[in-house]
Amino acid sequence: MLETDVLIVGSGPAGSTTAALLSSYGIDNILVTKYRWLADTPRAHITNQRTMEVLRDLGLEEQAMLQATPNNLMGNTVFCTSLAGEELGRLRGWGTDPLSHARHRMASPTEMVDLPQTYLEPILFGAACARGTRARLSTEYIDLVEDESGVTATVRDRMTDQTYQIRAKYLVGADGGRSKVAEDIGLPMQGKMGVDGSINIVFKADLSKYVAHRPSVLYWVLQPGSNVGGIGMGLVRMVRPWNEWLIVWGYDINAEPPQITEDFARGVAHSLIGDDTVPVEIVSMSLWTVNHMYADRYSSRRVFCMGDAVHRHPPSNGLGSNTSIQDAFNLAWKLALVLRGQAAPSLLETFTQERAPIGKQIVDRANQSIGEFGPIFESLGLLETSEPVAMVANMDARKRDTAEGSRRRKALREAIAFKRYEFDAHGVEMNQHYQSQAVVAGDATPSNFSEDRELIYQATTVPGARLPHAWIERDGKSVSTLDVTGHGQFTLITGIGGDAWKGAVDAVRERFGVDVRVVGIGPDLDWEDHFGDWARARHIEDNGAIVVRPDHFVAWRSQDLALEPEPALLAVFSAMLGR
Ligand code: FDA
C-alpha cells in the first residue's frame, strides 16, 4: 500500500498550495486529482495582496508577476450598455483609486494582480512537485476510513479503472464545491446550493479599441430585456489584455439548464460588445451555479477540508481562490509541527476555530455584493417596470435636464460608488483576525477598528492579526517584515534592549524542539528601521517582543521586557503547542 504523511485530494488553488507548502516544510505528501491536468477554464483571477504574500513566502511571487496582468490595468470597473455603447459610470477598483492605492502600497510588500486560475495552478502545482510532492493525475478519490493512527483512502486510477488504497496520517480534502471528502466526514453545512445559474463563455477577440483607454478586468453590461429577470446584466471579464475574455451570463435556475451552442455564445458576445463586425472565436462554454453555503466545522479527527469544499459562494469580491490559498497557509504549518511531534494534535483544532469564521464572512460578503447591484438598477429605473422599452426610457431619463434626470444621476453616482464594497474591499481581504489556542492573548486589547472594517485595512500587532508590513533595511537591501518572518518558522521580533528575549528563545528551543528565529530591528541590530515605519506599526516598546507564527499572524506580544522573559515565553509556546 502507498503510504505518506499527508494525502491531499484536489489540485486546485487549495490543494496545490497545501502540497507546495508541505513540501517546502519537508513533509512527505501525495496529491491525487481527478482529471488529467489542472484548471481548464480561467475561473478565479483576482489575486489579492494576502495571497501574493503567501506566494512570496513560497518564493513564487516573481513567477506569478511574470504571468499576471499588473494592477494598473485592473481598475476601471465600467458600467455600460455595451462595450461599444453608452457608458453609465465607472468605479476605480482593486486599489487603483489614488487613496486606496496608497493604502495598498503601505499595507504590503506586494501587489494585487490579475492571475487567471489557468496560469496560477501550474505555478503552485509545479513548485509542489519540484519540491517533493508525489502527484497522481487522473486519480479519483472514492472514499476513506479513519482510525486512531491514520486514514486509509480508496482511489481509482481513471486510466486503468483500477482502485487501490493510500494510507496517510492525515488527509486534506481540497476537492472543491462538490466535495466528496466533506460529505464523507459529514461536515455540517449551512446555507443553500444553486441559488442562481450562470453561463461562462470564454472567447478570443481583439477589443482594444473599446477597452484599452479604460483598462479593467470587469466590464458590466446592462441590456434590458435580453436576459432572465428582464434586467439583463452580463459581465465581460478580461482574461488577457485585450484579446481573451470570459462572459458571465445568467440563466433561470428554476428552468431546464440551457443548451448553449456556439452560435448562441457568439450572439451573446456580439450583443455585449455591441459590434457584430468584431471577429469572435469561441473557446469554451460551461454552466455553473451560484451557491451560498459554508461549513461550521472544517475537520473530523484526521481529515481536514478547505477551499470551496467548505465555503461556496459567487465570484463577487474575487474571494474564492484567495481564501482557499489562505486556508492552506493556515493549516500547513500546523500539520508540519504535529507530524514532527513538536505540537500536540490539539493545535489542529485551531484550523476550524480560525478559518470557519472567515469562511462564513466571505460567503456572506460575496452574496451581499450581488444584492448591492440593486441600487444601480433602482437609480436607472429598471425595477419600476418589467417592460424593456420602458426600462430603456427610464435609463435615458438620466440624460434629461429635469428634476427626475438630476435625481437619477445623483442616485447612479452614489450606487456605483457604493460598489467599492465589492471592488475595493481591502479590509475584507486583509483585516482577518483569529481567536484560538494558537493565539495567546497576553497583554492584548482586542482589535479596535476605527475605520470601516470591510473597506480599509488597519494595521495592528494585536495577537490574532496579521503582522503589519514595514520596509526594513540592511547593507542597502530592503526587505519587508513579512520576509524576515514566515517560511515555516516561528519568529520573535524585538529591538534595542530586548537581548534577554534571546535566552528565552533558547529555552523554548530546548524545551519544545521548535525552531524560533530572533529578529532584531533597530540601530545596529539585524535590520535598520530608517523610516521609523516599524516603530510606528509595532505598538510595543523597543525592548518588547512580538511572536509571529509561520503564517505571519501575531501569536503573542509583550509591551516591554517582562520581568522574566523565559517563563513568559515558555508559557506562550506551551499554550500554543498544547504541550
Ligand atoms: P477547486 O474547485 O479549484 O479544485 C478542486 C480540485 O479537486 C480539482 O483539482 C478537482 O479536479 C479535484 N477533485 C474534485 N473531486 C475529486 C475527487 N473525487 N478525486 C480527486 N480529485 C477531485 N476566486 C477568486 O479568488 N478570485 C476570483 O476572481 C474568482 N473568480 C471566479 C470566477 C468564476 C466564473 C468562478 C466560477 C469562480 C471564481 N472564483 C474566484 C472562485 C474560485 O474558482 C474557487 O473558489 C477556487 O477554484 C476554489 O479552489 P479549491 O482548490 O478549493 O477548489
Side-chain angles (χ1 to χ4, degrees), residues 7-19 30-48 50-52 69 74 93-94 112-118 120-121 124-125 135-144 153-158 166 171-184 196-202 217-218 235 237-239 245-250 284 286-291 298 305-328 359 362-363 366 422-423 428-429:
L7 172 62
I8 300 156
V9 180
S11 55
S16 290
T17 307
T18 305
I30 293 178
L31 181 152
V32 295
T33 193
K34 190 166 167 182
Y35 301 105
R36 63 169 183 80
W37 186 233
L38 310 172
D40 60 355
T41 58
R43 296 146 62 200
H45 56 120
I46 303 291
T47 307
N48 66 37
R50 185 62 196 133
T51 298
M52 289 301 285
T69 297
M74 289 175 70
W94 315 119
M112 176 187 278
V113 295
D114 190 273
L115 187 57
Q117 210 162 326
T118 30
L120 173 63
E121 281 186 18
L124 291 163
F125 183 74
R136 296 213 156 179
L137 303 173
S138 298
T139 302
E140 183 177 4
Y141 158 86
I142 305 293
D143 61 25
L144 64 82
T154 302
V155 299
R156 183 171 70 94
D157 181 326
R158 286 161 50 99
I166 303 177
L171 185 145
V172 173
D175 52 340
R178 292 192 198 95
S179 175
K180 173 85 166 54
V181 178
E183 192 186 317
D184 288 350
D196 244 321
S198 270
I199 303 169
N200 271 8
I201 301 167
V202 180
V217 292
L218 303 176
L235 168 66
R237 186 198 115 192
M238 180 269 288
V239 176
W245 304 89
L246 187 154
I247 283 176
V248 183
W249 188 245
S284 69
S286 53
L287 300 183
W288 54 281
T289 58
V290 174
N291 305 315
Y298 282 11
C305 284
M306 57 167 65
D308 276 15
V310 284
H311 34 77
R312 305 164 190 175
H313 53 90
S316 346
N317 292 69
L319 292 167
S321 139
N322 285 302
T323 309
S324 305
I325 288 173
Q326 293 154 25
D327 285 346
I362 59 127
V363 170
E422 174 169 357
F423 303 120
V428 171
E429 296 157 4

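Atoms considered below: every heavy atom in the structure, side chains included; atoms not considered: hydrogens, waters and symmetry mates. FYI, the numbering just counts along the sequence from 1. For ligands, and for the atoms within them, numbers begin at 1 and follow the listed sequence.
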List by chain and number: which residues place a heavy atom under 4.0 Å from ligand 1? Val9, Gly10, Ser11, Gly12, Pro13, Ala14, Thr33, Lys34, Tyr35, Arg43, Ala44, His45, Ile46, Gln117, Thr139, Glu140, Tyr141, Ala174, Asp175, Gly176, Asn200, Trp288, Gly307, Asp308, Pro315, Gly318, Leu319, Gly320, Ser321, Asn322, Ser324
Side chains of [X] and [Y]: does their closest heavy-atom pair fall under 4.5 Å?
{"X": "His45", "Y": "Leu218", "value": "yes"}
{"X": "Val217", "Y": "Thr69", "value": "no"}
{"X": "Arg43", "Y": "Ser321", "value": "no"}

Could you tell me which residues satisfy side chain to side chain donor-acceptor pair (under 3.5 Å) with Ser11, sequence neighbours excluded, listed by chain and number? Thr33
Side-chain donor-acceptor distances from residues 172-181 under 3.5 Å, at least two apart:
from, atom 1, to, atom 2, distance (Å)
Asp175, OD1, Ser179, OG, 2.6
Asp175, OD2, Ser179, OG, 3.3
Asp175, OD2, Lys180, N, 2.9
Asp175, OD2, Val181, N, 3.1
Ser179, OG, Val181, N, 3.4
Ser179, OG, Ala182, N, 2.9
Lys180, NZ, Ile142, O, 3.0
Lys180, NZ, Asp184, OD1, 3.1
Lys180, NZ, Asp184, OD2, 3.0

Would you list the atom pairs, donor with acceptor, under 3.5 Å between side chains in residues 313-320 and any protein atom, with sequence neighbours excluded?
from, atom 1, to, atom 2, distance (Å)
Ser316, OG, Ala366, O, 3.0
Asn317, OD1, Ser369, OG, 2.6
Asn317, ND2, Tyr421, O, 2.9

